[in-house]
Amino acid sequence: MSGDMLKTQDLRQEMSSWRRDFHRHPELGFEEHRTSARVAELLEGFGLEVHRGVGGTGVVGVLQRGNGPASIGLRADMDALPIVEQNQFGHRSRHDGVMHACGHDGHTTMLLGAAKHLAENGEFSGRAVFIFQPAEEHGKGGPAMIADGLFEQFPVDAVYGMHNMPGMAVGTFATRAGAMMASEALFEIEIAGRGGHAAMPHHGVDAIVVGAQIVNALQTIVSRKLDPGNNGVVSVTEFITDGQRNVLPGRATLKGDARALNRQVNGEIERKMRQIVAGICAAHDVTATVSYETVFEVTMNAAGPTDRAANNARVLVGQGNVDADCAPVLGSEDFAHMALARPGCFIFAGNGTEGAHARPLHSANYDFNDALLTLGSSYWVRLVEQELPAESL
Ligand SMILES: [Zn+2]
Ligand SMILES: [Zn+2]
């Protein structure tokens, strides 16, 4: 990567101090009061039109230049995680039990840097919409902003997101058209058996035995019922009963998590799960309820925006440093909901290969890499200038 490619080089120090300030003061989803106030204040200082309280603590900044008809949405996330930070550096979290362990402090900063540069020196014509969303980790902030009229009030032709990726070198990007990240559904199965004496099982219906058969049968959804070419995961993570040492349980609750890389597979997992539970319960003459809540949709990158995002990254870091057909990741991302509402592209930016920058997201000793700030913000600046071309004189 050559230095003159970086549009926001001069903001390096400033961005680093914003980022470290956010890192010191992390806030959980929908509680990003300090963070969003700071974001709004900075955007106003740069001269953007600022809208607070979009979908709770969300902030939108609008930068209009010239008469170009095109518009673009750029999205960052602001929330932190309920994790006790183990790092000991000067900018470690001041709020015990809350930590920026996913790098949203960096995402917010990179978008702020881009907004500042574009407000001062941007060469584009059209409308750039800067979206700072709350509560990404819940998967609820994006839907809250959309339900609050985000894309009606601030229409965009396409929407773009970026996430840092530990273990990938700074100066590399990865994306793909189609499914980029998985859907996540949380399920809960409540079995109503009939409890009784452990020595007289024939008087009741042991909810553990019914639950155990359901746990086993659920394994066949992925192994026997889905098309082997389609990825899915079904994990039972909790098995709770009201049994005691000598008391057979009358109730059992199974909880778990299901992932899929397309909506049909997610729907199929739910249907098969309901079928299995109903069948096994019928065999034992008990009832059960199944709740299946899809918290995150699949993150689907649209072909056009993905091509353009990859091209933009290639200009920045060179052909060999952009993987435009990376493997999908089975984690989930709230950007999915924005990419359902508008054509979109989500891209990974390398966070580094050593130390805290290489540790997995959501680790207590992870840190966003400040070396990515100028690169990530330059990616945004160039994307705006590419997608909203200035009128030729
Ligand atoms: Zn996260
Ligand atoms: Zn994240």
Side-chain angles (χ1 to χ4, degrees), residues 19 22-23 25-32 35-36 39 55-59 74-87 93 95 97-112 131-145 159-168 170 173-175 180-186 233 257 259 295-299 301 326 328-339 344-352 356-370 372-373 375-377 379-380:
R19 207 280 292 180
F22 290 133
H23 193 93
H25 303 281
E27 295 169 302
L28 296 175
F30 291 127
E31 294 170 12
E32 308 92 336
T35 308
S36 63
V39 165
T57 37
V59 178
L74 314 175
R75 169 278 202 180
D77 38 15
M78 301 187 290
D79 56 323
L81 286 153
I83 292 175
V84 179
E85 178 155 16
Q86 283 172 11
N87 293 314
S93 170
H95 304 168
V98 188
M99 176 189 174
H100 269 299
C102 205
H104 299 183
D105 49 344
H107 302 165
T108 296
T109 300
M110 293 189 290
L111 195 53
L112 284 169
I131 303 165
F132 295 85
Q133 80 149 80
E136 186 286 322
E137 299 288 354
H138 302 194
K140 304 246 187 276
M145 290 189 87
V159 63
Y160 293 85
M162 177 172 16
H163 208 294
N164 79 94
M165 192 48 73
M168 269 169 61
V170 173
F173 287 88
T175 187
M180 175 82 169
M181 297 185 74
S183 61
E184 181 183 18
L186 301 177
V233 183
D257 175 293
R259 309 277 171 142
V295 194
F296 289 86
E297 296 288 349
V298 178
T299 303
N301 281 343
C326 68
V329 172
L330 270 284
S332 303
E333 172 51 62
D334 191 3
F335 180 76
H337 304 111
M338 298 205 182
C345 175
F346 198 62
I347 197 165
F348 296 137
N351 192 56
H357 305 142
R359 296 201 187 102
L361 299 168
H362 296 202
S363 309
N365 52 4
Y366 156 90
D367 194 28
F368 183 88
N369 191 347
D370 280 352
L372 178 54
L373 291 172
L375 185 63
S377 51
Y379 168 86
W380 287 133

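Whatever order the structure lists them in is the order used to number ligands and atoms, beginning at 1.
Aromatic rings from His100 and His25 are positioned such that their centres are separated by 6.0 Å or more.
Ser36 places no side-chain N or O within 3.5 Å of a backbone atom of Gly58 that could act as its donor or acceptor partner. Judged by distance alone, with hydrogens and angles left aside, the side-chain atoms of Asn365 form no donor-acceptor pair with the main-chain N or O of Gln86 at under 3.5 Å. A donor-acceptor pair is defined here as one N or O able to donate and one able to accept, closer than 3.5 Å; such a pair exists between the side chain of Glu32 and the backbone of Phe30.
At a threshold of 4.0 Å, the pair Arg75-Asp334 does not count as salt-bridged, since none of the basic side-chain nitrogens sits closer than that to a carboxylate oxygen.
Protein nitrogen, oxygen and sulfur atoms, that is N, O or S, within less than 2.8 Å of the Zn ion (ligand 2) amount to 3.
Looking at every heavy atom in both residues, Val170 comes nearest to Asn369 through CG2-ND2, 3.4 Å.
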